[in-house]
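Heads up: the structure comes next, in structure tokens.
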Amino acid sequence: LTVEINTWFMILRRVVYKRKIEMISDAVSFSFYLTWIVIRCFIYPAVFIHFLELAQIQIETTGRFWHWPMIAIAVHFVLCCLNLKWSYDLFYPIVRSWIVSDADKPTVSNGL
């Protein structure tokens, strides 16, 4: 549920943009990007690695390769891959605007 913090900032960011509340827009946008990077790019992959370590311990302890809770590892891997794709989609236009001078500036109105 930690990703819900990031989702809340994303929704708040869109509301602030639509209502043109300049006073808090920078703080909300910063919080959105900060929670995105921390939660989706660092915490979730760390949890995946921890799941793999727990699975290795369970395999060594029982001698069995398959356990039903290991389904969570596959699901978490898929979610980490989705987060990687979404991170690329989110940050590519921003990085591109830094590098290419004629690139469109990413804004909340176009989803960023």
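Just so it is clear, the values below take in all heavy atoms, side chains as well, and ignore hydrogens, waters and symmetry mates. Since we're looking at a predicted model, the values are computed, not measured.
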Can you check whether [X] reaches [Y] side chain to side chain, under 4.5 Å on heavy atoms?
| X | Y | answer |
| --- | --- | --- |
| Ile71 | Trp66 | yes |
| Leu90 | Phe32 | yes |
| Ile39 | Phe42 | no |
| Ile5 | Phe9 | yes |
| Ile59 | Met70 | yes |
| Tyr17 | Ser25 | no |

Out of Thr35, Asn6, Thr2, which residue meets the side chain to side chain contact (heavy atoms under 4.5 Å, CB included) rule with Arg40?
-> Asn6

In the hydrophobic clustering (ILVMFWY, side-chain contacts below 4.5 Å, transitive), which residues join Tyr88, or is it alone?
-> Tyr92

Over 12 foreign heavy atoms within 6.0 Å of NE2, His50 | no

Aromatic plane relationship, His76 with Phe48 - under 30° parallel, 30 to 60° tilted, over 60° perpendicular | parallel

Could you state whether [X] and [Y] fall into the same hydrophobic cluster, counting links through intermediate Ile, Leu, Val, Met, Phe, Trp or Tyr residues with side-chain heavy atoms under 4.5 angstrom apart?
| X | Y | value |
| --- | --- | --- |
| Ile11 | Phe30 | no |
| Ile43 | Leu34 | yes |
| Phe51 | Phe77 | yes |
| Val75 | Trp86 | yes |
| Leu82 | Ile73 | yes |

Sole candidate of Gln58, Glu60, Glu53 that passes side-chain hydrogen bond (donor to acceptor under 3.5 Å, both in side chains) when paired with Gln56 | Glu60

Polar side-chain atom of Ser97 near backbone of Ile94 as donor-acceptor pair, under 3.5 Å = yes

Does Thr61 reach the main-chain N or O of Ile57 with its side chain, forming a donor-acceptor pair under 3.5 Å?
-> yes

What are the two closest heavy atoms between His67 and Arg64, and how far apart are they?
-> NE2-O, 3.2 Å

Heavy atoms only: give me the nearest Cys80-Tyr44 pair and the separation to one decimal.
-> SG-O, 3.8 Å

Got a sec, which pairs hit salt bridge (Lys or Arg N to Asp or Glu O under 4.0 Å) with one end in residues 76-87, sequence neighbours left out?
-> Lys85-Asp89

